[in-house]
Amino acid sequence: MHIAVIGAGLIGAASAHALQRAGAQVTLIDAGGANATSASFGWANANYVSDTHHYRIRLAGMSALQGLCGDVGVPLNRCGCLSWELDGDAFDTHRDTLLALGYDVESISPEVFRRLEPDIAIAPPRSLRFRDETTVDPVVLTHALLDDAMAQGARRYAGVAVRDFVRRAGRVCGVVTTAGTVAADATLIAAGTGSAALTAALDMPVPMLDRPAVVIRTTPVRCTITHVLATDFGDVRQLPSGALQLPAATGHQAIGSAKPDIDLDRIAHRALAQLSTLLPEHDLALAEASVAHRPIPGDGLPAVGTVVPGAYVATLHSGVTLAALIARLVATELLDGETADSCAWLSPYRPGRFQTS
């Protein structure tokens, strides 16, 4: 079975890898340019959830990511997270909700925090510890998945954009690109924010929230931060190079917040000033500020499933947390059709929910 995969970010790469490994012949169509993967924070977690099912799929995604990283030889950092972005009743509610779901969470004192992160200048009065959360370099993982897929026989057309779909008797049977037509038994739309226009071209639009993220990276610093830090001004982690990385918005995982102001110089200055409160003895300098146009469907939840016969979409946030599991389910449904297992995971997230009667 020949599958055309539109998009070579993490979701497209993981899906191409899973499809090729499952016996499909994959043609990956990669328009190039910036994508959300290149500026991703790289954090896999299940502590940001909207309901019980969302929690369960994110938790399963964390486990699947561990297996996928092992399969392609990409390091997964089991760093855990220390969180104090909430306080008061909100802190207690968040902790109690996750405890009721069975998540590995504990409230820790300033003394315990100092033992875990001795280089942080000020320990919060209390924080939550999530032991099982991980980080990965999403660009390294994406490249490894693409390389493995191509080693197994997948083809990649780079610098090629999709102009239209080939339709015959009400079914999509390929794509028209800027470099010719690609015939396919099925087409997977995994083009991030570009998925909105592609699904609209099929008269089954998946609306996207406009929630770009600004991600800051510092020059390397001489300190050690071993956890993801979910602080009251944003999330922070240290990269293997020693650089610090942070999305420059409080609660950036919460997709309901207003669209941020994209003034990179002002945002970077503010982010470095806030980060300096944690590390006042270090001279922090900006190395890079990136804008990531995150593919967040209109209600904040994944959109995965058939758009019209022959065309299937997979667009979601958080891609790092869910990519491995979603890719496996996508491969199952494209090659074998919907199964009890795939529907159990994906039924709340079908793209048809956005269509009005």
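Only this structure's heavy atoms are used, side chains among them; waters, hydrogens and symmetry mates stay out. This is a predicted model, so every value here is computed, not measured.
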Using only atom types and a distance under 3.5 Å, with no angle test, would you say the side chain of [X] pairs donor to acceptor with the backbone of [Y]?
{"X": "Gln25", "Y": "Gly153", "answer": "yes"}
{"X": "Glu85", "Y": "Asp235", "answer": "no"}
{"X": "Glu133", "Y": "Cys81", "answer": "no"}
{"X": "Thr27", "Y": "Ala4", "answer": "no"}
{"X": "Arg237", "Y": "Phe41", "answer": "yes"}
{"X": "Arg217", "Y": "Glu288", "answer": "no"}
{"X": "Arg58", "Y": "Asn45", "answer": "yes"}
{"X": "His53", "Y": "Ala344", "answer": "yes"}
{"X": "Gln355", "Y": "Pro205", "answer": "yes"}
{"X": "His2", "Y": "Ala183", "answer": "yes"}

- Query: How far apart are the closest heavy atoms of Leu28 and Ala8, and which atoms are they?
  - Reply: CD2-CB, 3.7 Å
- Item | Closest contact, heavy atoms only, Thr218 versus Ala243 | O-CB, 3.1 Å
- For Asp51, does the CG atom have more than 12 heavy-atom neighbours from other residues, nucleotides or ligands under 6.0 Å away? yes
- Query: Are Asp71 and Arg21 close enough for a salt bridge, meaning some N to O gap below 4.0 Å?
  - Reply: no
Beyond-backbone contact of [X] with [Y], side-chain heavy atoms, under 4.5 angstrom:
{"X": "Leu279", "Y": "Ile225", "value": "yes"}
{"X": "Phe165", "Y": "Val308", "value": "no"}
{"X": "Thr134", "Y": "Gln66", "value": "no"}
{"X": "Met204", "Y": "Val313", "value": "no"}
{"X": "Leu116", "Y": "Arg129", "value": "yes"}

- Query: Are Trp43 and Phe130 an aromatic pair by the rule of ring centers under 6.0 Å?
  - Reply: no
Linked, directly or transitively: [X] and [Y] (ILVMFWY side chains, under 4.5 Å):
{"X": "Val112", "Y": "Leu128", "value": "no"}
{"X": "Val166", "Y": "Ile189", "value": "no"}
{"X": "Leu86", "Y": "Leu246", "value": "no"}

- Answer yes if the side chains of Glu333 and Thr339 hold a donor-acceptor pair under 3.5 Å, and no otherwise. no
